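These notes concern the structure reproduced below.
None of the values given here were measured: they were computed from a predicted structure. Residue numbers begin at 1 in each chain, while the letters A, B, ... track the order of the sequences.
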There are 2 protein chains.
Amino acid sequence: MNRYVEQFNALGQKDRLQIFRLLVRAGPQGNCVEEIKRRVRMPGSTLSHHLDALTRCGLLTAHRSGRFIYYAIDWARTAKLIRFMTEDCCADLHATLGAAPARSLSANHRT
Amino acid sequence: MNRYVEQFNALGQKDRLQIFRLLVRAGPQGNCVEEIKRRVRMPGSTLSHHLDALTRCGLLTAHRSGRFIYYAIDWARTAKLIRFMTEDCCADLHATLGAAPARSLSANHRT
DNA sequence: ACGACAATTCTAGGAAAATCGAAATATCAA
DNA sequence: TTGATATTTCGATTTTCCTAGAATTGTCGT
């Protein structure tokens, strides 16, 4: 579960979520840092740290190709995170996704 | 999208994720703070801050009943977050959820 | 080997978050 | 109204995160 904490934490930051979504749209090849930088506009060192955070927690993969390093979504891990949310974490919700049942929370204390 | 950032961020902390999962299992009634505290074991003031964070970002609802304040999952909002992950954010994955397709990222540079 | 380019690591300052004891607020019961 | 219980707010400390310039590493072309 600690892995999930780190992943949620990685996505819980404006710039990093933006980067993540960008790479989702980039497809399996991903994008090199230069390309990402062109789109999100931030200093290289800052971007590098964000990419590192996303990679360390398993959301992205990185591989070098010549002078470029390509970052791409790690689909296996990402799928696991989603599964965690829908099945493990939100077991109850799983059945009612989208329905959002009305709660009835009036008179019930246990004393 | 900022709402989602806050929500991911809220879940990106060990204790808060634990609280969240606890409340998922607690069902629509939720639990009062005392009950939660008995299970997660942390000082009241710390717990209170975590509950506040989870509530402010829309993941929980709170309502008073006598001396107790019950916290429960906000299913509508939680469902929205999951939908964001599966549909909006991970559009590509949406089709292949659970399959975790093998990536082929070996020899493909664009230079 | 050298110069240019891609990206990371180093370093350090500032901002934000986590923590928790103590004091405050709210509700109930007698 | 007093005392007990439930929870939050206040205040202060510590830790963790974000940011970004400068220095560094790795790779290519010539």
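One atom, CZ of B/Arg38, and another, P of D/dT5, lie 14 Å apart when rounded to the nearest Å. Between the CD1 atom of A/Ile19 and the C1' atom of C/dA7 there is a distance of 14 Å, given to the nearest Å. Atom CZ in A/Arg41 sits roughly 17 Å away from atom P in D/dT19 (whole-Å rounding). The separation between A/Asp52 atom CG and C/dT8 atom P is 8 Å, rounded to whole Å. What separates CD of A/Glu34 from C1' of C/dC5 is a distance of 8 Å, to the nearest Å. Rounded to an integer number of Å, the gap from A/Leu47 CG to D/dG21 P is 14 Å. Nucleotide C/dA7 holds its C1' atom 11 Å from the CD1 atom of A/Ile36, rounded to whole Å. Look at CD on B/Glu6: it is 17 Å from C1' on D/dC17, rounded to the nearest Å.
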Show me the donor-acceptor pairs within less than 3.5 Å that the side chains of residues 43-60 of chain B make with the rest of the protein, sequence neighbours left out.
residue, atom, partner, partner atom, Å
B/His49, ND1, B/Ser45, O, 3.2
B/His50, ND1, B/Arg16, NH1, 3.4
B/Asp52, OD2, B/Arg56, NE, 2.9
B/Asp52, OD2, B/Arg56, NH2, 3.4
B/Thr55, OG1, B/Leu51, O, 2.7

So which protein N/O to nucleotides 15-22 of chain C N/O distances come out below 3.5 Å?
residue, atom, partner, partner atom, Å
C/dA18, OP1, B/Arg16, NH1, 3.0
C/dA18, OP1, B/Arg16, NH2, 2.9
C/dA18, OP2, B/Arg16, NH1, 3.4
C/dT19, OP2, B/His50, NE2, 2.8
C/dC20, OP2, B/Thr46, OG1, 3.4
C/dC20, N4, B/His49, ND1, 3.4
C/dG21, N7, B/Ser45, OG, 3.3
C/dG21, O6, B/Ser45, OG, 3.2

Nucleotide N/O of nucleotides 24-30 of chain C paired with protein N/O under 3.5 Å:
none

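Counting heavy atoms from C-beta on, the side chains of A/Phe84 and A/Phe8 come closer than 4.5 Å. Inter-residue side-chain proximity for A/Gln13 and B/Asn9 is flagged as unmet; no heavy-atom pair is nearer than 4.5 Å. Here the side chains of B/Val40 and B/Ile19 are in contact, with some heavy-atom distance below 4.5 Å. For the pair A/Phe68/A/Val33, no side-chain contact is recorded, criterion being any heavy-atom separation below 4.5 Å from C-beta on. Side-chain contact check for B/Tyr70 versus B/Asn31: every heavy-atom pair is 4.5 Å or farther apart. Put simply, the side chain of B/Met85 reaches to within 4.5 Å of the side chain of A/Met85, judged on heavy atoms.
The phosphate of C/dA6 (OP1 or OP2) has no side-chain N or O of A/Tyr71 nearer than 4.0 angstrom.
Looking at every heavy atom in both residues, B/Ile69 comes nearest to B/Ala62 through CG2-CB, 4.2 Å. Minimum interatomic distance between B/Gln18 and A/Met1 (heavy atoms only, all atoms of both residues): N-CE, 4.4 Å.
Between the two ends of the helix from C/dA1-D/dT30 to C/dA12-D/dT19, each summarised by a five-pair axis, the helix axis turns through 20° (rounded to 10 degrees).
For A/Ser48, the listed nucleotide lying nearest its side chain is C/dT8; candidates were D/dT8, C/dT8, D/dT7.
Residues satisfying the salt bridge (Lys or Arg N to Asp or Glu O under 4.0 Å) criterion with B/Arg39, sequence neighbours excluded, are B/Glu35. With sequence neighbours excluded, no residue forms a salt bridge (Lys or Arg N to Asp or Glu O under 4.0 Å) with B/Arg3.
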